[in-house]
Amino acid sequence: MSKSNFYVTSPIYYVNDKPHIGHAYTSIACDILARFKRLDNNNVFFLTGTDEHGQKVEKSAIKNNKTPQQFCDEVSVAFRDLTSAINLSNNDFIRTTEERHQKTAQIFWAKLEEAGFIYKDVYEGWYSVRDEAFYSADEIIDNKAPSGAEVEWHKEESYFFKLSQFGDKLLEFYEKNPNFIEPKSRFNEVKSFVKSGLRDLSISRTSFNWGVKVPNDEKHIMYVWLDALTNYLSALDFASEEQKNYEDFWLKAEDSPVHIVGKDIVRFHGIYWPAFLMAANIKLPYKIYAHGWWTNEGQKISKSVGNIIDPYQEIKWLEGLGCDNDLAVDYFRYFLMKEVPFGNDGDYFQKSFTLRINAELANNIGNLAQRTLAMIYKNCDAKIPEINDKSLQEYLKNCQNFDKQIPDLIAQLKFDKALDKIIEFASVINKNLNDRAPWILKKEGKITEMQDILYIAADAIRRLGIWLQPFMPKSAEKILNLLNIAEDKRNFANISDILPQDQMINQPKPIFLRLDLVLAGKQP
Ligand code: MSP
């Protein structure tokens with residue numbers, strides 16, 4: 001079967017701040033989708049990076065006594081480092097200060113201009129530096145933006161994009177693509193915003209100069225969102241003559257791009273970006289998925305409160321509880337995806353973290369693997385035992401629903417639901433193991449019955465290993481290595497393979513460590 005192409009992107013992160021849980025969360029979600037798609041017969045391009053222009057970044061640089069470029073170079077590295085710290089499989093890391101990006105943004109601007117969608121005028125209105133967004137007077141509440149950010153009054157010469165001409169076209173597009181923005185509630189917000197009427201958008205600034213220059217009018221720099229959104233094209237070599245990746249991953253990739261973003265930036269991705277693309281006559285994205293926001297033990301996360309959750313510290317905390325780095329990273333990834341339905345807001349609480357890991361991973365999957373593999377190692381000469389055909393058929397029948405639903409749920413970005421199913425499957429197999437107690441069957445000399453059960457449990461562990469790969473790459477690899485599953489038999493299409501009898505297994509080692517609640521300082 002020939003492979004399809006797939007393109008997934010995270011937002012590019014502002015470098016005014018160091019990486020925190022919000023950045024890690026979006027990126028991990030993208031990574032799960034990217035890894036899943038690779039294991040499901042796709043060529044994948046997964047892009048992340050940093051958004052380095054604009055007034056917010058310029059102000060932070062000044063505050064830090066650095067030139068904007070120096071400042072960006074330093075902070076961008078922190079985001080690049082995060083990609084390896086949380087084991088992302090991104091294919092590229094784009095910075096908007098790179099030449100390939102600046103060229104793309106200028107080519108894109110020229111397309112909008114040639115098509116007649118740009119004109120020069122004077123902008124007068126509210127602007128929030130924190131949100132890097134313009135607000136109309138009716139959106140201002142108590143002198144603040146709807147997000148709570150401070151706003152400033154601006155009056156300056158500006159280029160405008162004729163956004164007002166795109167209202168009907170956007171609504172028509174939304175109608176034809178009912179899953180364009182997910183979850184539904186976010187889509188509804190976007191639709192009602194468009195229905196309330198779109199005003200032309202100011203797309204250049206003259207009052208500062210940290211940005212991409214407007215072609216043929218260097219006094220102006222591009223509005224940071226127009227600049228930033230085009231990163232999704234820059235990384236596909238849009239500015240090159242060949243445009244190979246753009247062809248492959250934008251034009252020829254049917255269900256792409258998928259832009260995963262936070263709920264706060266859905267307006268930019270769901271309205272401005274498709275309107276810009278329509279104006280430039282470029283294919284529109286396949287999907288915008290907006291996830292929710294994390295709070296910290298019930299409190300809104302904010303720098304001023306000082307309750308920012310730092311992914312590095314969380315990984316250190318887990319290492320302090322005895323996890324090695326691979327396991328700590330996998331636990332962090334697992335918790336973020338399992339704790340909250342993707343799309344909803346969630347609360348980060350270390351106690352919930354430890355309880356969840358112990359119940360679902362250590363006591364369930366870990367225990368299943370350890371008991372089963374230890375018995376096979378000891379009682380079956382470390383070889384996968386035989387199974388009779390009737391038991392095998394019955395087991396495979398029970399797997400059918402899981403085999404179908406788990407990949408479907410991941411493809412739909414219902415990560416928590418997919419993990420629920422994975423855990424449910426492990427519980428069913430564990431229950432079977434407890435009910436049929438192969439250790440007792442062994443004592444009673446019922447060897448073929450014991451073998452049947454152990455075979456099923458071993459194959460179930462293989463299935464769990466395959467399914468867990470996108471979520472917990474290192475632990476899943478360890479599980480599949482214990483069973484000696486060949487590298488080319490680890491794809492989602494291999495789920496229905498049959499575990500070869502007589503295959504040697506390796507000496508079992510515990511995969512999931514129980515987190516000690518006393519050590520964690522939060523006794524139940
Ligand atoms: N630079 C823009 C994106 C441009 S994309 C063309 C931007 N950057 S950001 O660094 O401010 O935010 C990046 C992402 O982090 C957003 O998707 C945002 O929703 C997410 N989060 C920031 N705080 C968050 C939480 N507390 N919880 C979950 N995600 C949050 O916006």
Side-chain angles (χ1 to χ4, degrees), residues 8-30 47-58 60 72 75-76 78-79 82 86 93-97 101 104-105 108 128-133 145 147-149 181 186 210-212 222-235 257-274 276-277 285 288-305 307-311 314 335-337 339-349:
V8 57
T9 69
S10 82
I12 46 171
Y13 304 115
Y14 286 129
V15 290
N16 66 306
D17 208 355
K18 58 178 198 178
H20 59 64
I21 192 172
H23 309 116
Y25 185 53
T26 323
S27 293
I28 291 171
C30 294
L47 176 69
T48 186
T50 42
D51 189 352
E52 307 189 5
H53 291 132
Q55 218 172 348
K56 178 154 73 172
V57 170
E58 192 187 61
S60 299
C72 290
V75 188
S76 181
F79 281 94
L82 182 72
I86 54 178
F93 185 97
I94 184 112
R95 299 183 54 190
T96 54
T97 46
H101 172 73
T104 301
F108 193 78
S128 154
V129 175
R130 195 182 88 187
D131 298 348
E132 295 284 17
S147 60
I181 297 175
R186 299 282 161 224
W210 184 236
V212 181
M222 287 183 204
Y223 170 40
V224 67
W225 270 100
L226 173 58
D227 156 357
L229 286 161
T230 59
N231 91 87
Y232 301 134
L233 298 172
S234 325
V258 172
H259 298 308
I260 300 185
V261 300
K263 63 180 183 179
D264 53 319
I265 54 174
V266 73
R267 188 191 286 190
F268 302 97
H269 285 82
I271 302 174
Y272 298 172
W273 185 223
F276 293 153
L277 290 168
I288 316 290
Y289 202 106
H291 65 69
W293 271 45
W294 286 91
T295 48
N296 186 354
E297 303 200 1
Q299 259 197 326
K300 191 168 182 277
I301 295 177
S302 95
K303 250 205 275 189
S304 50
V305 178
N307 62 348
I308 298 229
I309 300 171
D310 173 348
E314 293 313 293
F335 177 72
L336 292 187
M337 289 302 128
E339 179 73 357
V340 184
F342 198 59
N344 292 10
D345 290 338
D347 191 28
Y348 194 91
F349 200 11

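All values below come from the heavy atoms of this structure, side chains included, with hydrogens, waters and symmetry mates left out. All ligand and atom numbering here is 1-based and tracks the order in the structure. This structure is a prediction, so every number in the text was calculated from the model and none was measured.
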Show me which atoms of ligand 1 lie under 4.0 Å from any heavy atom of [X].
{"X": "Y13", "result": "10 (O), 13 (C), 14 (C)"}
{"X": "D51", "result": "1 (N), 2 (C), 4 (C)"}
{"X": "G292", "result": "28 (C)"}
{"X": "H291", "result": "28 (C), 29 (N)"}
{"X": "A228", "result": "6 (C)"}
{"X": "H20", "result": "22 (C), 23 (N)"}
{"X": "P11", "result": "3 (C), 5 (S), 17 (O)"}

Would [X] count as being in polar contact with ligand 1, using the rule that some N or O on each side must be under 3.5 angstrom apart?
{"X": "I21", "result": "no"}
{"X": "G262", "result": "yes"}
{"X": "W293", "result": "yes"}
{"X": "Y25", "result": "no"}
{"X": "Y14", "result": "yes"}

[Y] backbone acceptor or donor facing [X] side chain under 3.5 Å:
{"X": "N307", "Y": "N296", "result": "no"}
{"X": "T96", "Y": "E52", "result": "yes"}
{"X": "S302", "Y": "V305", "result": "yes"}
{"X": "H101", "Y": "D227", "result": "yes"}
{"X": "T295", "Y": "I301", "result": "no"}
{"X": "Y348", "Y": "I309", "result": "no"}
{"X": "K56", "Y": "R130", "result": "yes"}
{"X": "R186", "Y": "I288", "result": "no"}

Have a look at ligand 1 and work out which part of W225, if any, has a heavy atom under 4.0 Å from it: side chain, backbone, both or neither.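 Contact part for W225 vs ligand 1: side chain (C-beta onward).
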Of the backbone atoms (N, CA, C, O) and the side-chain heavy atoms from C-beta on, which set of E132 has a member under 4.0 Å from an atom of ligand 1: side chain, backbone, both, or neither?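 None of E132 does.
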Geometric class of the H291/F342 ring pair [parallel <30°, tilted 30-60°, perpendicular >60°]: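 Ring orientation of F342 relative to H291: tilted.
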Please work out which of the three classes, parallel, tilted or perpendicular, describes the rings of W294 and F335, given edges at 30° and 60°.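 Ring orientation, 0 to 90° scale: tilted.
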Identity of the nearest option to atom 5 (S) of ligand 1, non-hydrogen atoms only, from W294, F79, Y232: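 When every heavy atom of W294, F79, Y232 is considered, Y232 comes closest to atom 5 (S) of ligand 1.
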Return the option from H53, H259, H23, H269 holding the heavy atom at the smallest distance from atom 15 (O) of ligand 1.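 It is H23 whose heavy atom sits nearest to atom 15 (O) of ligand 1.
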Considering only protein heavy atoms, which is closest to [atom], and at what distance to one decimal place?
{"atom": "atom 3 (C) of ligand 1", "answer": "I12 O, 3.2 Å"}
{"atom": "atom 18 (C) of ligand 1", "answer": "D264 OD1, 3.4 Å"}
{"atom": "atom 31 (O) of ligand 1", "answer": "I265 CG2, 3.6 Å"}

Given S60 and Y14, is the side chain to side chain donor-acceptor pair (under 3.5 Å) satisfied, shown in steps? CA-CA 11 Å; S60 299; Y14 286 129; over 6 Å; no
Work out which heavy atom in E132 is nearest to a heavy atom in W225; give both atom names and the distance.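 Closest pair (atom of E132, atom of W225, distance): O-CD1, 3.1 Å.
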